[in-house]
Amino acid sequence: MNAEPTERSWLRDFHRGLLLEGYSLTLVRGLTPREYLDRIGAQPQDDCEGFDGFIARDREFQDDQDDWGDRMFVGVTLVHDEGADWVLALEINGGIEIHTDAMKHATRGTRGVSHFRSPNASSLFSWWEEGELRTRFEGPLHREGSTPDHLLDLMRETGFDLETGACSLENYVALAEELTGVRLTATMLEDGTYATGILEIPTEH
């Protein structure tokens with residue numbers, strides 16, 4: 001592994017635990033933020049400077065919604081890291097990966113991983129290659145996708161207990177790191193310039 005799980009615990013305390021109320025973090029290789037938004041079919045909005053700016057804009061968006069879930073607000077920033085060639089997409093609570101074909105379109109010709117955490121602390125991890133869902137799981141014992149067992153060695157290395165199914169938030173983040181080479185940090189989220197967009201969620205998917 002590239003880092004110990006304790007080095008990823010910042011996510012729990014980030015902005016007084018704001019993300020634990022629900023988030024989706026997605027990494028896709030080789031795109032610009034605007035290319036990502038275009039691929040998923042999002043209606044472009046103004047850029048936001050920094051996490052505070054993104055959160056303020058997200059709250060405005062949420063306050064304008066009559067029913068939660070009809071539309072989703074997403075911010076996308078370049079990952080600034082040595083040798084990095086990825087964009088990071090952030091949703092508060094989220095649902096684009098679950099309720100749309102966004103990842104299928106976003107990962108044409110490339111790789112993407114997504115980690116969703118709901119307000120009740122359940123998590124969903126997905127790995128995509130070339131527009132194909134390779135592995136997705138909520139808990140490590142129940143996997144789906146075209147290659148549901150391909151990540152088993154990496155899952156063991158990043159702390160998933162494949163006997164009992166026990167795992168933590170840090171394990172999901174560590175697995176994403178192993179698949180992308182990107183070590184997420186608080187600074188990446190804090191200082192990003194977010195290209196933003198709004199995506200309509202289909203009534204039936």
Side-chain angles (χ1 to χ4, degrees), residues 1-14 17-31 36 77 79-91 93-104 106-189:
M1 290 192 299
N2 292 332
E4 293 300 320
T6 52
E7 296 182 28
R8 304 179 185 90
S9 296
W10 63 267
L11 197 58
R12 296 182 180 276
D13 300 323
F14 187 70
L18 183 150
L19 293 182
L20 297 187
E21 298 175 10
Y23 70 83
S24 182
L25 290 171
T26 300
L27 287 160
V28 177
R29 183 172 56 198
L31 304 180
Y36 175 88
T77 185
V79 170
H80 298 289
D81 197 6
E82 184 177 351
D85 183 27
W86 297 77
V87 290
L88 172 65
L90 172 64
E91 303 164 69
N93 205 340
I96 287 177
E97 196 273 340
I98 302 168
H99 299 296
T100 75
D101 291 327
M103 286 293 279
K104 177 180 179 179
T107 60
R108 293 193 313 268
T110 189
R111 167 176 288 192
V113 300
S114 184
H115 174 221
F116 167 77
R117 177 184 169 99
S118 73
N120 65 6
S122 64
S123 292
L124 185 73
F125 185 92
S126 64
W127 162 45
W128 293 74
E129 294 278 352
E130 307 281 345
E132 178 184 39
L133 175 61
R134 297 288 302 275
T135 305
R136 176 192 279 154
F137 60 90
E138 180 175 346
L141 303 184
H142 304 285
R143 303 173 299 278
E144 61 177 338
S146 62
T147 58
D149 297 336
H150 189 83
L151 300 181
L152 291 181
D153 288 342
L154 275 182
M155 291 170 70
R156 291 187 185 95
E157 292 174 15
T158 51
F160 290 91
D161 188 329
L162 298 180
E163 297 294 328
T164 67
C167 58
S168 69
L169 170 65
E170 288 77 12
N171 300 138
Y172 289 91
V173 177
L175 183 59
E177 181 180 312
E178 290 297 320
L179 285 168
T180 63
V182 176
R183 182 179 300 178
L184 291 177
T185 66
T187 300
M188 286 180 184
L189 294 182

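Just so we're clear, the structure is a prediction, and the values are computed from it rather than from any experiment.
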Is any side-chain heavy atom of Trp127 closer than 4.5 Å to one of Thr147? yes
Which atoms form the tightest heavy-atom contact between Ala106 and Tyr36, and what is the distance? CB-CE1, 3.8 Å
Close side-chain approach of Met155 and Arg143, heavy atoms under 4.5 Å: yes
Could you walk me through whether Arg183 and Met188 satisfy the side chain to side chain contact (heavy atoms under 4.5 Å, CB included) test, starting with their C-alpha distance in whole Å, then the side-chain angles of each, then the deciding distance to 0.1 Å, before giving a yes or no? CA-CA 9 Å; Arg183 182 179 300 178; Met188 286 180 184; 5.6 Å; no
By salt bridge (charged side-chain N to carboxylate O under 4.0 Å, His left out), which residues pair with Arg134, not counting sequence neighbours? none
Is a donor on one side and an acceptor on the other found under 3.5 Å between the side chain of Asp161 and the backbone of Thr164? yes
Parallel, tilted or perpendicular for Phe160 and Tyr172, by the 30°/60° rule? perpendicular
Calculate, to the nearest 0.5 Å, the distance between atoms CG and CG belonging to Leu175 and Asn171 respectively. 9.0 Å
Just so I know, are the side chains of Leu184 and Glu177 near enough to count as touching, which here means a heavy-atom distance under 4.5 Å? no
Can you measure from CG (Leu90) to CG (Leu19) and round to the nearest 0.5 angstrom? 6.5 Å
What's the spacing between Asp85 CG and Thr110 OG1 if we round to 0.5 Å? 8.0 Å
Min side-chain heavy-atom separation Val79-Thr180 under 4.5 Å: no
Is the shortest side-chain heavy-atom distance between Tyr23 and Arg117 below 4.5 Å? yes
Quick check: closest heavy atoms across Val113 and Ala176, and the distance to 0.1 Å? CG2-CB, 4.1 Å
Report the distance from atom CG of Leu162 to atom SG of Cys167, rounding to the nearest 0.5 Å. 9.5 Å
Output the distance between atom OG1 (Thr107) and atom CG (Leu27), rounded to the nearest 0.5 Å. 13.0 Å
Partner residues of Glu144 under the salt bridge (charged side-chain N to carboxylate O under 4.0 Å, His left out) criterion, sequence neighbours left out: Arg136
Candidate pair Leu88 and Val182, rule side chain to side chain contact (heavy atoms under 4.5 Å, CB included), full reasoning: CA-CA 10 Å; Leu88 172 65; Val182 176; over 6 Å; no
Given side chains that start at C-beta, do those of Phe116 and Glu138 come closer than 4.5 Å, heavy atoms only? no
Side chains of Ile96 and Thr26: closer than 4.5 Å at any heavy-atom pair? no
Do the side chains of Pro119 and Asn93 get nearer than 4.5 Å, heavy atoms only? yes
Say you draw a straight line from OG of Ser24 to NE2 of His115; how long is it, rounded to the nearest 0.5 Å? 8.5 Å
Got a donor-acceptor contact below 3.5 angstrom from the Thr158 side chain to the Leu154 backbone? yes
Is the closest side-chain donor-acceptor distance between Ser114 and Glu97 under 3.5 Å? no
